[in-house]
Each structure stands twice: as structure tokens, then as C-alpha cells.
A.B. asks: 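Sending over a structure as C-alpha cells; questions will come in a sec.
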Amino acid sequence: LDLATLRWGPMPSLMTARRFHSCCTVRGALVVLGGEKKDREITSTVEMLSRGGDGGFTSLPPLSCGGIFGAVAIAVEESDSAKGQVLMLGGRDEYRVALSTVHLVDLASGVCTLQPGSALVGASFNFTAVRMPDGRVVVCTGRGGSHPSPVSAQVLGPPADEATDTACTWTRLPAMSVSRNEFCGCVMSDGRFVVLGGYIGGGNSTSSCEAQMVTKGAHCVSLPPMHRARCSFVCAAVARCIIVAGGYNRGHNTKLAEVYDEVLNRW
């Protein structure tokens, strides 16, 4: 998406067709990890599209922890490794068992190192996770099925009022007001994390949006709803805007996209 013209343009194709994969940007490159292939095989393969996209995707060493799908990948801010590192949270393994693990993945070698003491509070699959400006990680989950539950959030970081080099732990945050799953989330420019859309049961999706600060005593605030209700979509926060694209509602896929302007507080 060209933000100047708001027009979509083609990108190079993946080397392996997949869904339920994880992706993030690492040092300006797009990294795609794991997922489910067309034959429903769970893959451990990793691909990278370098900055600028010239030459297309290239293959990286596979994940040493095996195939994972439905996980969330978050880039690690460091400069010592050869190709960068990624945190992979939750998901399902090759036997389709839901995971609560957090792995540190070295992209140059594919080695996955289990992070002790960082396991998610409960197994998570098809959830959303974001890195806050201060480095903490927020995970938002909602129970699946025909009767979604209120979205619960947990944050990984040093305990309150402790030094930043103190061992990180998970802390629960207040549940959000709308019950949903298959939603999307990102971080706004003012440091709030926002949960968008999602499935609310009965075959219906929602267009509602909620934002919350990751501070003691923080509460949820409703944002203007999207123009179109949707679940199972993608979102990104760029230049004080939130972009959402694609998704599903009432038996139909959509290719429509919309943009939320933080300054104007409208879609």
C-alpha cells in the first residue's frame, strides 16, 4: 500500500503457499514463519523478503522447534545477531496442540530457544500480540467457538515499580468490554493498544474498536467503529493511522480496506 496514493501494488509471491503463518518486519525485511500448507501439512519453513523487495523471497533455515501455525511473531530489538531475532508466541504445533510457549528464534540458524518463565497464561491460537513502545509485549486473547468471551489481556515485562533488568513476568490487565475472537490489534501513536473487529457469535462479526493504556488502573475506551464489520483480517499502525484490510463476515470474504485517522478520530 502506497500511503501517498492509497493504492495497492503487487509484491513478490511467497516461495511456499501457506496460511495461518506468522510474519513481522526485522531490520526492514519481511519475515514469514511456519503456517499450514495446501495439503494441511504444518510447515517449519521460513522466508525473508529483503528491504525493497528486489529478487523476491529467499529461504532461511527452518524452525528447529518444528512446524507451528497460528502463532504471533514479534521482532526483537537487537543488533548482535547475523540476520535478526524473533519472538514466537503460542500457536499450534505439528500435532495441532495449542501452545503457551514463547520461543526466541535466531533467523540465521533457525534455532528456537524456549524462554523460561515467559510461558503465556493459557494456551493461545489465532490471537493478537503487540510490542509496546517501552518494549513490553501485550497479548490479547478471546475464547473461540460459537460463544466468544470478553477479550483478556496480559503484558510481559518487569513487575510494576521494578528495574527494567528485573526478570519479566506476565501480568493480567482488565478484560475489554466486547466479547470477540478472530480480531486484530496494534499500537497507536500515543502508546495505547487497540483491539479491532472480530467474531461475536451467531455468524456475525463486529465493527467495534476498543483502546487501552498498559498502566495500573487503566480502563478501555471505545473508538469509532469501522465502516465494515469483519473478522480474520489484518491491520497495521503507520504514520498515526490504522490500516485494516480483508477479512470475513456472514459467510463472505471481503477485499475492502479502510483507514483510521488518529488525529481526526474517524475512519
A.B. asks: Looking at Cys209 and Leu196, what are the two nearest heavy atoms and their distance?
C.D. replies: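 Of all heavy-atom pairs spanning Cys209 and Leu196, the closest is SG-CD2, 3.5 Å.
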A.B. asks: If hydrophobic clusters are built by linking Ile, Leu, Val, Met, Phe, Trp and Tyr wherever their side-chain heavy atoms come under 4.5 Å apart, do Val155 and Met132 end up in the same one?
C.D. replies: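 Looking at the clustering, Met132 is in the same group as Val155.
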A.B. asks: Could you grab the distance from atom CD of Gln85 to atom CG of Asp80, nearest 0.5 Å is fine?
C.D. replies: 8.0 Å
A.B. asks: Do Phe57 and Met11 pass the side-chain contact (heavy atoms from CB on, under 4.5 Å) test, and can you show the C-alpha distance, the side-chain angles, and the key distance before you say yes or no?
C.D. replies: CA-CA 10 Å; Phe57 281 91; Met11 291 182 62; 5.5 Å; no
A.B. asks: So Leu14 and Val32, do their side chains get closer than 4.5 Å, heavy atoms only?
C.D. replies: yes
A.B. asks: Side chains of Leu63 and Met88: does their closest heavy-atom pair fall under 4.5 Å?
C.D. replies: yes
A.B. asks: Could you check Leu60 against Lys83 for side-chain contact (heavy atoms from CB on, under 4.5 Å), going step by step and ending with a plain yes or no?
C.D. replies: CA-CA 10 Å; Leu60 295 179; Lys83 290 185 177 294; 3.9 Å; yes
A.B. asks: For Arg180 and Ser205, run side-chain hydrogen bond (donor to acceptor under 3.5 Å, both in side chains): C-alpha distance rounded to whole Å, both residues' side-chain angles, the deciding distance at 0.1 Å, then the answer.
C.D. replies: CA-CA 8 Å; Arg180 62 180 97 200; Ser205 299; over 6 Å; no
A.B. asks: Are the side chain of Arg18 and the backbone of Thr45 linked by a donor-acceptor contact shorter than 3.5 Å?
C.D. replies: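 A pair under 3.5 Å: yes.
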A.B. asks: Between Leu114 and Thr101, is the side-chain contact (heavy atoms from CB on, under 4.5 Å) condition met? List the steps.
C.D. replies: CA-CA 7 Å; Leu114 192 64; Thr101 52; 3.8 Å; yes
A.B. asks: Mind checking the CZ-CG spacing from Arg131 to Leu156? Nearest 0.5 Å is all I need.
C.D. replies: 9.0 Å
A.B. asks: I'd like to know if the side chain of Asp93 and the backbone of Val97 have a donor-acceptor N/O pair within less than 3.5 Å.
C.D. replies: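 Side chain of Asp93 to backbone of Val97: a pair is present.
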A.B. asks: Under a 4.5 Å cut-off applied to non-hydrogen side-chain atoms, are Ile242 and Val259 in contact?
C.D. replies: no
A.B. asks: I need the minimum non-hydrogen distance between Met188 and Ala211, along with the two atoms involved.
C.D. replies: SD-CB, 4.2 Å
A.B. asks: Between atom SG of Cys23 and atom CG of Leu33, what is the distance when rounded to the nearest 0.5 Å?
C.D. replies: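 Taking SG in Cys23 and CG in Leu33, the distance rounds to 8.5 Å.
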A.B. asks: Are Val187 and Leu173 co-members of a hydrophobic cluster defined by side-chain heavy atoms under 4.5 Å apart?
C.D. replies: yes
A.B. asks: Do Val86 and Val76 make a side-chain contact, defined as non-hydrogen atoms from C-beta onward lying under 4.5 Å apart?
C.D. replies: no
A.B. asks: Output yes when Asp134 and Arg136 qualify as a salt bridge under the 4.0 Å nitrogen-oxygen rule, no when they do not.
C.D. replies: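 A salt bridge is present here (some side-chain N lies under 4.0 Å from a carboxylate O).
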A.B. asks: Assess whether salt bridge (Lys or Arg N to Asp or Glu O under 4.0 Å) is satisfied between Arg230 and Glu258, documenting all intermediate values.
C.D. replies: CA-CA 11 Å; Arg230 62 182 85 206; Glu258 48 188 301; 2.9 Å; yes
A.B. asks: Would you say that Thr113 contacts His103 through its side chain, given a criterion of any heavy-atom pair below 4.5 Å between the two side chains?
C.D. replies: no
A.B. asks: About how many Å separate CE of Met176 and OG of Ser222, when rounded to the nearest 0.5 Å?
C.D. replies: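 So the OG of Ser222 and the CE of Met176 are separated by 10.0 Å.
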A.B. asks: Output yes when Glu262 and Arg192 qualify as a salt bridge under the 4.0 Å nitrogen-oxygen rule, no when they do not.
C.D. replies: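 No, this pair does not count.
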A.B. asks: Under a 3.5 Å distance rule, please check whether Glu47 uses its side chain to pair with a backbone N or O of Met15 as donor and acceptor.
C.D. replies: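 Yes: the side chain of Glu47 pairs with the backbone of Met15.
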A.B. asks: For a side-chain contact (heavy atoms from CB on, under 4.5 Å) check, start with the C-alpha distance between Met48 and Arg27, then their side-chain angles and the critical distance, and finish with the verdict.
C.D. replies: CA-CA 11 Å; Met48 174 182 283; Arg27 301 178 185 175; over 6 Å; no
A.B. asks: Shared ILVMFWY cluster between Val195 and Val130, side chains joined below 4.5 angstrom?
C.D. replies: yes
A.B. asks: Counting only N and O atoms by type, is there a donor-acceptor contact under 3.5 Å from the side chain of Glu210 to the main-chain atoms of Val178?
C.D. replies: yes
A.B. asks: Mind listing the closest non-hydrogen atom pair of Ser22 and Ala71 along with its distance?
C.D. replies: OG-O, 3.0 Å
A.B. asks: Of all heavy-atom pairs between Phe193 and Ala153, which one has the smallest distance, and what is that distance?
C.D. replies: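 That would be CZ-CB, 4.1 Å.
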A.B. asks: Using atom types as modelled and distance alone, determine if a side-chain donor or acceptor of Glu94 lies under 3.5 Å from a backbone N or O of Gly67.
C.D. replies: yes
A.B. asks: What heavy-atom pair brings Phe127 and Leu89 nearest, and what distance separates the two atoms?
C.D. replies: CZ-O, 3.2 Å
A.B. asks: Looking at CH2 of Trp267 and NE2 of His227, how far apart are the two atoms once the value is rounded to the nearest 0.5 Å?
C.D. replies: 8.5 Å
A.B. asks: Going only through I, L, V, M, F, W and Y residues with side-chain contacts under 4.5 Å, is there a path from Val194 to Val138?
C.D. replies: no
A.B. asks: Check Phe183 against Cys140 and note the closest heavy-atom contact, atom names and distance.
C.D. replies: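 Reported closest heavy-atom pair: CZ-O, 3.6 Å.
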A.B. asks: Flag the pair Pro224 / Tyr260 as yes when at least one side-chain heavy-atom distance between them is below 4.5 Å, and no otherwise.
C.D. replies: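 A side-chain contact exists here, since the closest heavy-atom pair is under 4.5 Å.
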A.B. asks: Regarding Asn249 and Tyr199, is there a side-chain donor-to-acceptor distance under 3.5 Å anywhere?
C.D. replies: no
A.B. asks: In terms of hydrophobic clustering (I, L, V, M, F, W, Y; side-chain heavy atoms under 4.5 Å; direct or indirect links), are Tyr248 and Val244 co-clustered?
C.D. replies: no
A.B. asks: Does Leu87 reach the side chain of Leu104, with side-chain heavy atoms less than 4.5 Å apart?
C.D. replies: yes
A.B. asks: Answer yes or no: is there a side-chain heavy-atom contact under 4.5 Å between Val72 and Thr128?
C.D. replies: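 Contact flag for Val72/Thr128 side chains = no.
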A.B. asks: Taking Arg92 for its side chain and Leu99 for its backbone only, find out whether a donor-acceptor pair lies under 3.5 Å.
C.D. replies: no
A.B. asks: As an exercise, state the distance from OG of Ser208 to CG of Leu223, rounded to the nearest 0.5 Å.
C.D. replies: 10.0 Å
